[in-house]
Amino acid sequence: MRPVSVKEHDFKKCDQSGFCKRNRAFADNASAQSSTWSSPYDIIPESASFKDGQWQAVIAKTINDGERVRFPITVSLLKSGVARISVDEERRQKKDIELRHNSKARKERYNEAENWVIVGGLDLDKKAQVVFQDKSQANIKYGGDDKLEVIIKYSPFEVDFRRDEESHIKFNDRGLLNMEHWRPKIEKENKEGEEAKADENTKTDSGEDESTWWDESFGGNTDSKPRGPESIAMDISFTGYEQVFGIPEHTGSISLRQTRGGDGNHNEPYRLYNTDVFEYVLDSPMTLYGAIPFMQAHRKDSSVGVFWLNAAETWVDIVKEKDSKNPLSLGKSTTSTHTHWISESGILDAFVFMGPTPRDLTKKYGELTGYTAMPQEFSIGYHQCRWNYISDDDVKDVDRRMDKYKIPYDVIWLDIEYTDEKKYFTWDPHSFADPVSMGQQLDAHGRKLVVIIDPHIKKVDGYPVSSNMLSKDLAVHNKEDEIFEGWCWPGSSNWVDCFNPKANEWWKTLFKYDFFKGTLENTFLWNDMNEPSVFNGPETTMPKDNIHFGNWEHRDVHNLNGLTFHNASWEAMVSRRKGERRRPFILTRSFYAGSQRLGAMWTGDNQANWEHLAASIPMVLNQGISGFPFAGADVGGFFGNPDKDLMARWYQAGIFYPFMRAHAHIDSRRREPYMLGEPYTEILTKALRLRYSLLPSWYTAFFHANRDGSPVVRPMFWTHPSEESGFAIDDQLFLGTTGLLAKPIVEKDKFSTDIWIPDDEVYFDYTSLQVMKTQKGKKVTVDAAIDAVPLLMRGGHIFPRRDIPRRSAAAMRFDDYTLVVTVSKGGSAEGELYADDGDTFDNENGQYVYRKFQLADNILKSTDAEGRDPKSIKAGTWLNAMRDVYVDRVVVVGAPATLNQQEVLIESEGRTWAVKVEYHAAEKGRTAFAVLGRVGAKIGEDWTINFA
């Protein structure tokens, strides 16, 4: 039914994808004629106009017989300082084309991606001004402070984005813009009396290869193309930038490699085409399950980015070239990165971000596409999963044994075998005869259940979900405009079309408690196979000439498909019962820009080996900088049977994934943590307890992601954008704003690791409190036996913990806090705590605690981070309960000598009292530290402790 491992030949290379091959050839031709090549695209000068931050004109493309094809262009300058360039095709806009094969498809280029992706940030900068314009170019200042300028050159068409009068991004400076205009298919006759050569009949009069213009075959499937060739492509240059990042999802380093061959480079472009890739290969530009066409470029103290808003199959070539310099110049030569973006269909729609910091990029990108949803608090705990727990009794037994061995966890998962013969919204009547008692036991222990629901609906008589969907015509259609039928886990299946608003309304009804019987308030959701995966389809997905709601072809919307299903499930989960407004938790495998608003993702079908463990960290980091930080990889590896050392190291790495789930294939041996035996069960438990103790810090990091798009776990270039030697480092990370620097060990039989230090601040070992002998820009060796995690604390931070071991996040909900203060070289520190009920949307109505902690001049204080008066907030149930939650202890690492006393005084709520101090002087490389407790100040109130 599925291949046992990925076969690269099952997935297209560029030269097997007609539009990619044509555009690469176009680029090769331009390169070969570099001295004489000129782009055939020009602005018609008299068409240009500017009003209220928007410049409009018509691009004319000169084709071989002198005819000119018109492409309207709009350059929108936004209040945020982001610029947007949109180019359409006039003839298709007017629907002045003919479709082949009697197709029902739309005649226009697809222009509705923004309806799914963009949620804000489109306000025009009406103060933008044209500062120069003639018949050859227009110069426009925008962004509010005159630092940003866009220069639009007319002939040939080129756009230059500048900051502080310096070029940073150029569109079409290499002349690779190529929008394949509509043209009728001309049937050719063979020459009389002789056979035409096969390849001659695929050439146009101008010598273009039209062999894949009108239809294309791969792997036994033929794609009819009713609109003919319609690809768009453009070169985008990051001038003076040697490194680019982003465009997940791929395996490999976060610093993207070149794609035109050469030592250490890829030979293929990075491909964005969401596909079910079984047992994917590493260090490859081949497609995976999700696509975010957002690329960032970084150099010392400068960051810029481009978001290519196109949902069709897309390829991205990357080439890096030394910039030519005057040989007499004393300045060092720089390297520029030249990219070539190629999409099969749709309009050209690109957003330009001018930074200048990585934080600016993720913030502005999030303004457009949305920030990470504030998660359910349980969902950042540990998830226990496999394909499959075999019965409701099995689930109950796992739950009991996790408690018996005192292993914390929050969620247990059910894969497809819980259903009655792969019919979603049902339970197997033999194995899961009593799902309610299963859910109730979990609920009594403060735990949740996640069940899988996929977009393929089994086509079988007597199944109401199927008959209802078909009778209401809510499924995807094939090219003949009949309901599409394909093969997936249930066998013959149909696919719900979540582009259809009526399908989404119907989908909501399926999740009502009285319809999906056996589900409870603690049941949540897993959306898998939503690329979509079609086992007998081309490249294990849906035919491109299928028809979706609105008569758009699947080729136009393919990469959005997973998002639309995720969105339909999100809407369904928030409407399970009238008046029940709780945050959904939904895991998705397929995603696009904007999916971060809806839940979490994971990196799919990885393998139980050390190489896949190592690959998981850059993959998770890349998701974070690309706006989707709620990411993780299957802990332990999906395929295969990991040895015990690998399990130990994978759990120690997994506690630093924002989403932490252990998962295993149905053929893998059982490997719940208690199955490993000692000392490994204790090693895994120790790692999990570290994760759980830090849940307040994780939740605070998610709060920042929700507020401004900050990654939850952060690579070195994001936290230290001035340190060039750290830009490509992708095997270590900072957790939010905590100053916790982790580098999991990902190699067999390795018991120490070298951590790169990005600055001159002091660093302490998390466990031993040793002062690390660090030097900026150098590596420090950290020992880590098989039971130890290499984890450092950077001086100058304050982070919250909860130190009482509990069975789940829910059990910790009203525990008191410990604050860890790591004193900087300058004697200061600061940090934050955000907390809410972790369940409802009441946080949107002020029901939260957000504290700022600060140590300066020997005074440690807590204040409301937003200046709110706690007494002015009308407290609901949760906030009232939090008024009985306290700061229990303060641990001061690098404690000043002034703390070498028996007690210190604390002031809060108009009272003053003494707090005991346990002071430990520095010795044998360990820093001085002090433990203050019991502090006894309410976590939500202001307080001050004087260390002097």
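When each of Y289, F591, F565 is tested with E531 by the rule side-chain contact (heavy atoms from CB on, under 4.5 Å), just one qualifies, namely Y289. Of the candidates I873, N880, D837, T840, Q847 forms a side-chain contact (heavy atoms from CB on, under 4.5 Å) with just one, namely I873.
Two residues are said to be in side-chain contact when any heavy atoms from C-beta on lie closer than 4.5 Å; L684 and E672 fail this criterion. Inter-residue side-chain proximity for K448 and S379 is flagged as unmet; no heavy-atom pair is nearer than 4.5 Å. Side-chain contact between L474 and K502: present, with at least one pair of heavy atoms (C-beta onward) separated by less than 4.5 Å. Side-chain contact between M660 and L688 is present, with heavy atoms from C-beta onward closer than 4.5 Å.
Enclosure of atom NZ in K852 is not indicated, since only 12 or fewer non-hydrogen atoms of other residues, nucleotides or ligands lie within 6.0 angstrom.
Between F799 and F853, the gap from one ring centroid to the other reaches at least 6.0 Å. The aromatic ring centroids of W413 and Y418 lie 6.0 Å or more from each other. Between F628 and F294, the distance from one ring center to the other does not fall under 6.0 angstrom. Aromatic ring centroids of Y848 and F703 lie 6.0 Å or more apart. Ring to ring, Y834 and H704 are not that close: their centroids are 6.0 angstrom or more apart. Under the 6.0 Å cut-off for aromatic ring centres, F734 and H797 do not qualify, their centroids lying 6.0 Å or more apart. Aromatic ring centroids of W602 and Y657 lie 6.0 Å or more apart.
Remark: side-chain polar atoms of D864 are paired, donor with acceptor, to backbone N or O of E866 under 3.5 angstrom. Counting only distance, with no hydrogens or angles, the side chain of K364 and the backbone of S80 share a donor-acceptor pair below 3.5 Å. Not a single donor-acceptor pair under 3.5 Å links the side chain of H548 to the backbone N or O of D497. A donor-acceptor pair is defined here as one N or O able to donate and one able to accept, closer than 3.5 Å; such a pair exists between the side chain of Q596 and the backbone of G370. Although no hydrogens or angles enter the test, the distance criterion places no donor-acceptor pair under 3.5 Å between the side chain of K396 and the main chain of S391. Not a single donor-acceptor pair under 3.5 Å links the side chain of N527 to the backbone N or O of T588. Side-chain atoms of Y692 come within 3.5 Å of backbone atoms of Y382 as a donor-acceptor pair (strictly under, hydrogens ignored).
Ion pairing between R583 and D839 fails under the 4.0 Å rule for side-chain N and carboxylate O. A salt bridge is defined here as a Lys NZ or Arg NE, NH1 or NH2 lying under 4.0 Å from an Asp or Glu carboxylate O, and R589 with D605 meets this definition. Residues E505 and K508 are paired through a salt bridge, judged by an N-O separation under 4.0 Å between the basic side chain and the carboxylate. A salt bridge is absent between E941 and K938: the closest approach of a Lys/Arg side-chain nitrogen to an acidic carboxylate oxygen does not fall below 4.0 angstrom. Using a 4.0 Å cut-off between charged side-chain N and carboxylate O, E832 and R707 make no salt bridge. Salt bridge status for K363 with D708: absent, with no side-chain N to carboxylate O gap under 4.0 Å. A salt bridge is defined here as a Lys NZ or Arg NE, NH1 or NH2 lying under 4.0 Å from an Asp or Glu carboxylate O, and E377 with R813 fails to meet this definition. Salt-bridge formation is detected for the pair D397/R401: a Lys NZ or Arg NE/NH1/NH2 atom is positioned less than 4.0 Å from an Asp or Glu carboxylate oxygen. One finds no salt bridge joining D399 and R807 here, because no Lys/Arg side-chain nitrogen approaches an Asp/Glu carboxylate oxygen to under 4.0 Å. Residues D803 and R801 are paired through a salt bridge, judged by an N-O separation under 4.0 Å between the basic side chain and the carboxylate.
In summary, the side chains of R851 and S862 do present a donor paired with an acceptor at a separation below 3.5 Å, with no hydrogens or angles considered. Looking at Y699 and D836, their side chains do bring a donor and an acceptor atom within 3.5 Å of each other. Side-chain contact of D276 with S533: a donor-acceptor pair under 3.5 Å is present, judged by distance alone. Side-chain atoms of T603 and E249 include no donor-acceptor pair closer than 3.5 Å. Looking at N843 and Y850, their side chains never bring a donor and an acceptor atom within 3.5 Å of each other. For the 3.5 Å distance criterion, the side chains of N561 and S590 fail to qualify, holding no donor opposite an acceptor.
Across every non-hydrogen atom of L694 and P800, the tightest pair is CD2-O, 4.5 Å. Smallest separation of non-hydrogen atoms from V574 and R582: CG1-O, 3.8 Å. When all heavy atoms of I804 and D815 are compared, the closest pair comes out as CB-OD2, 4.1 Å. Of all non-hydrogen atoms in F515 and L510, the two that sit nearest each other are CD2-O, 3.2 Å. Here the closest non-hydrogen pair linking W427 and D420 is O-CB, 3.5 Å. The minimum heavy-atom distance between D884 and D816, with the atom names listed, is O-OD1, 4.3 Å.
Ring pair F425/W507 is perpendicular by interplanar angle, where above 60° counts as perpendicular and below 30° as parallel. Ring geometry for F378 versus F524: interplanar angle of 30 to 60°, hence tilted. Using cut-offs of 30° and 60° for the angle between ring planes, the F307 and F351 rings count as parallel. Under the 30°/60° scheme for interplanar angles, the aromatic rings of F702 and F630 are found to stand perpendicular.
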Task: Working for salt bridge (Lys or Arg N to Asp or Glu O under 4.0 Å), residues D403 and R447 - done: CA-CA 11 Å; D403 277 348; R447 296 189 175 120; 2.7 Å; yes
Open item on the list: One pair to check against ring-ring contact (aromatic ring centres under 6.0 Å, His included): W526 and W387. What are the steps and the verdict?
Closed with: CA-CA 13 Å; W526 175 12; W387 176 23; 9.4 Å; no
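Taking the ring axis of W570 as reference, the NZ or CZ atom of R597 does not stay both within 45° of it and closer than 6.0 Å to the ring centre. By the 6.0 Å and 45° rule, R691 does not stack over the aromatic ring of Y409.
When the side-chain hydrogen bond (donor to acceptor under 3.5 Å, both in side chains) test is applied to Q623, no partner is found at least two apart in sequence or on another chain.
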